[in-house]
Amino acid sequence: MITLEEFKKNHLDKCRLIGLDLGSKRIGVSICDEKQLIATPFITIEKKSSQNLIDQLKSIIIENNIKGIIIGNPLNMDGSPGKSSQSAKDVSTYIEKNIDIPVCLWDERLSTVGAFNLSSQLDVNVSKREKKIDENAAAFILQGAIDFLNN
């Protein structure tokens, strides 16, 4: 697994990326434009099995010419890794072994809260907000990463 700093050095040309918000049952997926300016919620994957996740990610990667994966790393509020962070690292390692594009972890503290609050400010009703929360959180994660890449 590489850091976002290493990704930035090795990929001078702009390219499309996907962001993932890993959950035990659902994986939120977001995608950014080729200029890496805006992350957009894309889809929520129901995690049936690890292989099913890999198959769906491969399909998204091929269809959208994706060159990198940004995965949310749920650190504790004090910045230390916890149980959820270790789980994200394990899934990230599995994805990296099965998909041949760079995989990076990105601090996702408060991404779900941020996505939920943003959708409430946009006056989205609660049932729609909850249905799209995973992919919105993935967009929140990816937006943070591409903002970092652009600075």
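One-based numbering along the sequence shown.
- Residue pairs that meet the side-chain hydrogen bond (donor to acceptor under 3.5 Å, both in side chains) test with at least one member in residues 141-151, sequence neighbours left out, are Lys14-Asn150, Gln143-Asp147.
- Residues Val103 and Leu75 fall into different hydrophobic clusters, defined by Ile, Leu, Val, Met, Phe, Trp and Tyr side chains chained together at heavy-atom separations under 4.5 Å.
- For Phe148, the side chain to side chain contact (heavy atoms under 4.5 Å, CB included) partners at least two apart in sequence or on another chain are Leu4, Glu5, Trp106.
- Interatomic distance, Lys35 NZ to Cys15 SG, rounded to the nearest 0.5 Å: 14.5 Å.
- In this structure Glu34 satisfies the side chain to side chain contact (heavy atoms under 4.5 Å, CB included) test together with Arg16, sequence neighbours excluded.
- Every residue two or more places apart in sequence or in another chain that forms a side chain to side chain contact (heavy atoms under 4.5 Å, CB included) with Ile2 is listed here: Glu6, Phe7, Pro102, Cys104.
- Note on Ile66: it clusters hydrophobically with Val91, by side-chain heavy-atom contacts below 4.5 Å among ILVMFWY residues.
- One hydrophobic cluster holds both Ile18 and Ile71 under the rule that ILVMFWY side chains link at heavy-atom gaps under 4.5 Å.
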**Request:** Could you give me the CA-CA distance, side-chain angles and deciding distance for Asn64 and Phe42, then say whether side chain to side chain contact (heavy atoms under 4.5 Å, CB included) is met?
**Result:** CA-CA 11 Å; Asn64 295 284; Phe42 188 66; 3.8 Å; yes
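- Nearest heavy atoms, Ser80 versus Asp78: OG-OD1, 2.6 Å.
- To the nearest 0.5 Å, atoms CD1 (Ile95) and CE (Met1) are separated by 9.0 Å.
- Taking Ile, Leu, Val, Met, Phe, Trp and Tyr as members and joining any whose side-chain heavy atoms lie under 4.5 Å apart, directly or through other members, the hydrophobic cluster of Ile38 also contains Leu37.
- Legend: residues meeting side chain to side chain donor-acceptor pair (under 3.5 Å) with Asp100, ordered by chain and number and at least two apart, are absent.
- Here the straight-line distance linking atom CG of Asn136 with atom OG1 of Thr44 works out to 8.0 Å at 0.5 Å rounding.
- Across all their heavy atoms, Ser92 and Ala88 have their closest contact at OG-O, 2.6 Å.
- Residues Leu149 and Gln36 approach most closely at CD1-OE1, 3.8 Å, considering heavy atoms.
- With sequence neighbours left out, the side chain to side chain contact (heavy atoms under 4.5 Å, CB included) criterion links Ser84 to Pro74.
- Checking side-chain atoms of Ser30 against main-chain N and O of Pro41 turns up no donor-acceptor pair under 3.5 Å.
- Lys25 NZ to Glu46 CD: the interatomic distance, rounded to the nearest 0.5 Å, is 10.0 Å.
- Side-chain heavy atoms closer than 4.5 Å link hydrophobic residues (I, L, V, M, F, W, Y) into clusters, and following such links, possibly through other members, connects Val29 to Leu22.
- By the 4.5 Å heavy-atom criterion applied to side chains, Ile54 and Tyr94 are counted as neighbours.
- Following chains of ILVMFWY side-chain contacts shorter than 4.5 Å, one can reach Ile27 starting from Ile69, so the two form part of one hydrophobic cluster.
- Residues satisfying the side chain to side chain donor-acceptor pair (under 3.5 Å) test with Glu96, not counting sequence neighbours, are none.
- Of all the heavy atoms in Lys89 and Asn73, the pair that sits closest is CE-ND2, 4.3 Å.
- Considering all non-hydrogen atoms of both residues, Gly19 and Ala138 come closest at O-CB, 3.6 Å.
- Closest heavy-atom contact between Asp21 and Ala137: OD2-CB, 3.4 Å.
- In this view, Gln56 and Asn52 satisfy the side chain to side chain donor-acceptor pair (under 3.5 Å) rule, not counting sequence neighbours.
- Distance check, rounded to the nearest 0.5 Å: NZ of Lys83 to OG of Ser85 gives 13.0 Å.
- Residues satisfying the side chain to side chain donor-acceptor pair (under 3.5 Å) test with Asp55, not counting sequence neighbours, are Gln51.
- Paired with Leu20 under the rule side chain to side chain contact (heavy atoms under 4.5 Å, CB included), one option of Ile45, Leu57, Ile70 passes, and it is Leu57.
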